[in-house]
Enquirer: 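If you scroll down you'll find the structure; I have some questions about it.
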Amino acid sequence: MKRILTIAGLLFGWLLALPALAQTVTLNFDDGTADSLVGGHYSAQGITFQDARWVNMGSGFPGMSGTMGINHATGGYQWGPSTPVIATFAQPASSVSVDGIDVGVQGLVITAFDAPTGGTQVATQQVFGTDVGVGQFYTVTVTGANIRRVEISQVTTGSGDGMLLDNFRVTFAAPAVVTPVPTLELGGLAGLVALIMLGTALQRKRTRN
């Protein structure tokens with residue numbers, strides 16, 4: 001019995017040590033109310049926005065997943081790096097991306113930081129379209145080990161080129177803590193222990209006989 005418990009303990013420890021899987025959250029913004037602030041609407045999914053507003057684009061624009069997107073709460077379709085749309089995360093993320101819709105000469109930039117406020121820059125990416133960007137859409141992505149905030153804006157301002165955002169995707173890093181063992185794995189462990197106990201009992205019976 002002591003040997004059985006030792007084996008079971010080792011197996012249980014191995015299951016607890018299995019790495020947790022990263023989780024990706026995708027927001028298409030189609031569940032919002034036009035002209036309302038996004039704010040903490042997605043806080044249950046670990047994402048909070050600042051200076052972001054839902055906009056309804058009627059039949060939608062090329063690159064959109066539906067009819068709703070977001071732009072700047074006060075700047076509308078034109079806003080620069082000094083007044084970005086900000087998203088903060090309840091836990092560290094390893095990758096963040098967003099689609100820029102109607103991106104023209106003023107471009108689109110996303111910058112990641114390792115703190116909800118302040119902090120150190122982790123990564124950045126920018127892209128430029130042409131003219132006022134009609135029909136042009138691009139995806140920008142940042143990756144890093146500890147992303148807690150991203151800031152999104154146009155690269156420059158003042159030329160009459162507007163844009164909006166859609167399809168916001170966040171991959172949260174796997175937590176560095178012990179996670180509960182899935183029920184299926186516990187069931188398999190219990191079955192294995194039962195088989196070991198049955199085999200031991202049968203072996204003792206043969207020995208007595």
Enquirer: Check Thr141 against Ser95 and note the closest heavy-atom contact, atom names and distance.
Expert: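 So the minimum-distance heavy-atom pair works out to CG2-OG, 3.8 Å.
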
Enquirer: In terms of hydrophobic clustering (I, L, V, M, F, W, Y; side-chain heavy atoms under 4.5 Å; direct or indirect links), are Phe89 and Leu27 co-clustered?
Expert: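 Yes; Leu27 is reachable from Phe89 via cluster members.
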
Enquirer: Under a 3.5 Å distance rule, please check whether Gln23 uses its side chain to pair with a backbone N or O of Thr171 as donor and acceptor.
Expert: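 Pair absent, no side-chain N/O of Gln23 close to backbone of Thr171.
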
Enquirer: Between Ala73 and Ala52, which heavy-atom pair has the shortest distance, and what is it?
Expert: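 For Ala73 versus Ala52, the nearest heavy atoms are CB-N, 4.1 Å.
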
Enquirer: Is Phe137 reachable from Val109 through a run of hydrophobic residues whose side-chain heavy atoms are each under 4.5 Å from the next?
Expert: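 No, because Val109 and Phe137 fall into different hydrophobic clusters, even though each may have its own neighbours under 4.5 Å.
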
Enquirer: Keeping Asp102 on the side-chain end and Gly135 on the backbone end, is there a donor-acceptor pair under 3.5 Å?
Expert: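 At least one qualifying donor-acceptor pair exists.
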
Enquirer: What is the distance from atom OG of Ser153 to atom CD1 of Ile110, rounded to the nearest 0.5 Å?
Expert: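 Between Ser153 OG and Ile110 CD1, I get 10.0 Å after rounding to 0.5 Å.
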
Enquirer: Would Thr157 and Gln106 satisfy side chain to side chain donor-acceptor pair (under 3.5 Å), going step by step from the backbone distance to the final call?
Expert: CA-CA 6 Å; Thr157 60; Gln106 291 179 206; 5.8 Å; no

Enquirer: Check Ile147 against Thr143 and note the closest heavy-atom contact, atom names and distance.
Expert: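 What the structure gives for the nearest pair is CD1-C, 3.9 Å.
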
Enquirer: Can you tell me how far apart CD1 (Ile47) and CZ (Phe172) are? Round to the nearest 0.5 Å.
Expert: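 These two atoms lie 4.5 Å from each other.
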
Enquirer: Hey, any chance Val170 and Phe113 share a hydrophobic cluster, counting ILVMFWY side chains that come within less than 4.5 Å of each other, even indirectly?
Expert: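 Different hydrophobic clusters.
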
Enquirer: Any chance you could measure Gln91, atom CD, to Arg148, atom CZ, to the nearest 0.5 Å?
Expert: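 That separation rounds to 8.5 Å.
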
Enquirer: For residues Phe61 and Tyr77: do they belong to one hydrophobic cluster (side chain heavy atoms under 4.5 Å, members Ile, Leu, Val, Met, Phe, Trp, Tyr)?
Expert: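 Yes; tracing contacts between hydrophobic side chains, which count when under 4.5 Å, links both residues.
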
Enquirer: Determine whether Phe128 and Val103 make a side-chain contact, defined as any pair of heavy atoms from C-beta on separated by less than 4.5 Å.
Expert: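 Side chain of Phe128 against side chain of Val103, heavy atoms only: no contact under 4.5 Å found.
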
Enquirer: Which heavy-atom pair separates Gln78 from Asp161 by the least distance, and what is that distance?
Expert: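 That would be CG-O, 3.3 Å.
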
Enquirer: Going by distance alone, is a donor N or O of one side chain under 3.5 Å from an acceptor N or O of the other, for Thr74 and His72?
Expert: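 Side chains of Thr74 and His72: pair found under 3.5 Å.
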
Enquirer: If I compare all heavy atoms of Gly100 with all of Leu165, which pair ends up nearest, and what's the gap?
Expert: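 Closest pair (atom of Gly100, atom of Leu165, distance): CA-CD2, 4.3 Å.
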
Enquirer: At their closest point, which heavy atom of Gly66 faces which heavy atom of Asp166, and how far apart are they?
Expert: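 Scanning both residues completely, I find the closest heavy atoms to be N-OD2, 4.3 Å.
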
Enquirer: Quick check: do Val55 and Met68 have side-chain heavy atoms less than 4.5 Å from each other?
Expert: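 Side-chain contact under 4.5 Å: no.
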
Enquirer: I'd like to know if Leu164 and Ile70 are part of one continuous hydrophobic network [Ile/Leu/Val/Met/Phe/Trp/Tyr, side-chain heavy atoms within less than 4.5 Å].
Expert: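 Result: no, two separate clusters.
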
Enquirer: Quick one: does Asp114's side chain have a donor or acceptor within less than 3.5 Å of a partner on Thr120's backbone?
Expert: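 Here the side-chain-to-backbone pair exists.
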
Enquirer: Determine, using ring centers only, whether Phe49 and Phe168 are less than 6.0 Å apart.
Expert: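 That pair passes the under 6.0 Å test.
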
Enquirer: Return the CD to OG distance between Gln154 and Ser159, rounded to the nearest 0.5 Å.
Expert: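 Separation between the atoms: 7.5 Å.
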
Enquirer: How about Thr88 and Thr48: does a side-chain donor come under 3.5 Å of a side-chain acceptor?
Expert: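 Per modelled atom types, Thr88 and Thr48 side chains form no pair under 3.5 Å.
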
Enquirer: With Arg169, which of Val98, Asp99, Val96 fulfils side chain to side chain contact (heavy atoms under 4.5 Å, CB included)?
Expert: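 Per the side chain to side chain contact (heavy atoms under 4.5 Å, CB included) rule, the option paired with Arg169 is Asp99, out of Val98, Asp99, Val96.
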
Enquirer: May I ask you to test the Gln126-Leu108 pair for a side-chain heavy-atom distance under 4.5 Å?
Expert: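 When only atoms from C-beta onward are counted, Leu108 and Gln126 do not touch, as no gap falls below 4.5 Å.
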
Enquirer: My understanding is that only one of Asp35, Asn71, Thr33 makes a side-chain hydrogen bond (donor to acceptor under 3.5 Å, both in side chains) with Arg53; could you say which?
Expert: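 Of the listed residues Asp35, Asn71, Thr33, the side-chain hydrogen bond (donor to acceptor under 3.5 Å, both in side chains) partner of Arg53 is Asn71.
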
Enquirer: To the closest 0.5 Å, what do you measure between CE (Met57) and CZ (Phe29)?
Expert: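 Taking CE in Met57 and CZ in Phe29, the distance rounds to 14.0 Å.
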
Enquirer: Verify whether one side chain among Thr111 and Thr124 offers a donor that lies under 3.5 Å from an acceptor in the other.
Expert: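 Looking only at side-chain atoms, Thr124 and Thr111 do form a donor-acceptor pair, the distance falling under 3.5 Å.
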
Enquirer: Please round to the nearest 0.5 Å and tell me the distance separating atom CG of Asp30 and atom OG1 of Thr67.
Expert: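 With rounding to 0.5 Å, CG (Asp30) is 5.0 Å from OG1 (Thr67).
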
Enquirer: Could you check Ile86 against Val150 for side chain to side chain contact (heavy atoms under 4.5 Å, CB included), going step by step and ending with a plain yes or no?
Expert: CA-CA 6 Å; Ile86 298 172; Val150 293; over 6 Å; no

